[in-house]
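Next up is a structure, given as C-alpha cells.
Start at 1 and go down the list; that is how both ligands and their atoms are numbered. Scope of the values below: all heavy atoms of this structure, side chains included, with no hydrogens, waters or symmetry mates.
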Amino acid sequence: MQEKTFKSKYSFNGKKRNNNSRHNFFGKRQNNTQELETSRYVRKAVSGALPEEYIPKNQFSNFEVSSQLKKNIAEHGYVKPTPIQDQVIPIILQGRDLLGIANTGTGKTASFLIPLIEKILKNKNERVLIITPTRELALQIVDELKAFSKSLNIYSAICIGGSGISNQIFALKRNPNFVIGTPGRLKDLINRRCLNLSTVSNVVLDEVDRMLDMGFVNEIKHLISLLPAKRQSLFFSATVSKEADNLIGRLLTNPVKISVKSGDTPDNVEQDVVRVKDKSKKIESLHDLLIKEEFKKVLIFGRTKRGVEHLSNTLRERGFKAGSIHGNKSQAKREQVLRLFKTNQLQTLVATDVAARGLDIADITHVINYDPPATYDDYIHRIGRTGRANKTGKALTFIG
Ligand code: AMP
C-alpha cells in the first residue's frame with residue numbers, strides 16, 4: 001500500500017500552521033499534526049440532513065420482470081427502487097455490460113440480482129458467477145438471492161473459505177444457477193476441477209476496490225481469463241484505481257457507466273475524537289463510554305487480529321457482552337457472533353477492517369476506532385457501518 005502524506009496550511013481551529021508541518025497517516029506524527037489528525041475525525045452530523053428523497057423513474061412494478069419475482073421483491077419489503085436500482089436494472093435487462101461506481105448501502109446487491117434472476121427465468125441454462133471480497137458479503141448476497149428467488153426453482157452454491165469444502169463441492173455438482181464466492185476458494189475449487197467457468201456467461205465482480213486492497217488481483221485476473229468471451233459482465237466498485245481500471249479493460253465490453261456514490265463522509269454520522277494521553281488509560285476510557293445508556297450497539301475497530309481478540313476478552317472480563325470477528329476465526333464462529341450482534345444479544349462487536357467489510361447491520365449506534373484506521377478510505381468505510389438507512393449514528397476515534 002502506498003503511504004500518503006498531506007499538508008494543510010491551517011490547523012483545525014483555524015490558526016495558521018507552521019509551514020512544513022507534515023503528517024504521515026500511517027506512522028509517526030510530526031509537529032502540529034495532532035490538530036490535523038483531529039480535524040479529519042471531527043464532524044457534526046448535519047442536522048436533519050437525511051438524504052433528499054430520490055424520485056425514481058421506475059417502480060418495481062413496471063420493470064420488465066416476471067410477476068413472481070415482483071411479488072418476492074414486495075414481500076422482501078422493497079417498495080421503491082433505490083437510485084442505483086432505478087438506473088441499473090434496465091441496463092442489465094438489456095444485456096449490457098456495466099461499470100457501477102457505488103459504495104455499500106446503496107442497494108447495489110438487488111440492482112444486479114433482480115435482472116440476473118430474470119435472465120435465468122428466461123433461460124434456465126444461464127449460469128452466474130458472483131465474486132466478493134469477503135465471506136460475509138457472499139452470505140449476505142445469498143440471503144438476498146434466496147428471498148428474491150422464492151418459488152422460482154433457482155439454485156445457488158456458496159463457495160467461501162473457512163467452511164468445509166465438501167458441502168460446496170456437493171452443491172456445485174448440482175450445477176446451480178448462481179455461484180457466489182470469494183476469490184481464494186473459487187480458485188481452489190477450479191484447481192480441484194469442481195468448478196468450470198467456461199459455461200458461466202454472466203459474471204459480477206462486487207466491491208472490486210476491496211478485493212484489490214486485499215491483494216486478490218492475480219486471482220481475479222485468473223478467474224476472468226477462464227470465462228467465455230461471450231458473456232455479460234458487471235463490475236462494482238466504490239473507487240476506480242489504476243489497478244481497477246486494468247481489470248475493467250479485461251472484463252468489460254462497451255460498458256454503461258453508472259455512478260451513485262454518496263459524499264465522502266456520511267452526513268448523518270456525527271464524528272468526534274476521544275483523547276487519551278496515557279495509553280494505559282485507554283481501556284478505562286472505552287469502559288466509561290460503553291456503560292453509557294446510549295451506547296447500545298457498538299462496533300469497535302482494532303488493527304490486528306490478536307489485538308481485537310484481546311480487547312474483546314478484556315471487555316468480557318469487565319462484564320460487557322462483547323464478541324469479536326477477525327480472520328483467525330472459523331466461518332461458523334464468525335456467523336454465530338454476527339447473529340448474536342444483529343439480534344442485540346451482544347452490545348459490542350470488536351472487528352478488524354477486513355472482517356467488517358461489507359457488513360450490513362441495522363441500528364449500530366456507535367462506531368469506535370479504538371485503533372486508528374490505516375487510511376482515510378478505511379476510516380470512511382468504518383464509519384459507514386453506522387448512520388445507515390437514514391438513521392443518525394456516531395463515530396468516535398481514539399487519538400493519543
Ligand atoms: P446493499 O447496498 O445492496 O448492501 O443494500 C443495503 C441495504 O439496503 C440492505 O439492508 C438492503 O436490504 C437494503 N435495500 C436495498 N434496496 C432496497 C430498497 N429498494 N428498499 C428498501 N431497502 C433496500
Counting both backbone and side chain atoms, is some N or O of Gly107 under 3.5 Å from an N or O of ligand 1?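 Yes, Gly107 has an N/O under 3.5 Å of an N/O on ligand 1.
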
Centre of Tyr370's six-membered ring, under 6.0 Å away, within 45 degrees of the axis: is that where NZ or CZ of Lys282 sits?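 Judged by the rule, Lys282 and Tyr370 form a cation-pi pair.
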
In terms of hydrophobic clusters joined by side-chain contacts under 4.5 Å, are Leu139 and Tyr155 together?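 No: no chain of side-chain contacts under 4.5 Å links Leu139 to Tyr155.
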
Are Phe170 and Val142 connected, step by step, through hydrophobic side chains (Ile, Leu, Val, Met, Phe, Trp, Tyr) whose heavy atoms are closer than 4.5 Å?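 No, no single cluster joins them.
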
Which of the numbered atoms in ligand 1 are under 4.0 angstrom from any heavy atom belonging to Thr82?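 Taking each heavy atom of Thr82 in turn, ligand 1 has 16 (N), 17 (C), 18 (C), 19 (N) under 4.0 Å.
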
Would you say Gln85 has any N or O atom under 3.5 Å from an N or O of ligand 1, going by distance alone?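 The answer is yes, given that Gln85 and ligand 1 share an N or O pair closer than 3.5 Å.
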
Ligand-residue contact atoms, ligand 1 with Phe60, heavy atoms, under 4.0 Å: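 It comes down to these atoms of ligand 1: 19 (N).
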
Salt-bridge test for Asp213 and Arg210: reply yes if a basic N is under 4.0 Å from a carboxylate O, no otherwise.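 A salt bridge links Asp213 with Arg210.
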
Is it the case that atom NZ in Lys124 sees more than 12 heavy atoms from other parts of the structure closer than 6.0 Å?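 More than 12 within 6.0 Å, yes.
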
Ligand 1 and Thr109, any nitrogen or oxygen pair closer than 3.5 angstrom?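 N/O-N/O distance below 3.5 Å exists for this pair.
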
Could a heavy atom of Lys80 be found less than 4.0 Å from some atom of ligand 1?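 In this structure, Lys80 qualifies as a contact of ligand 1 - some heavy atom is under 4.0 Å.
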
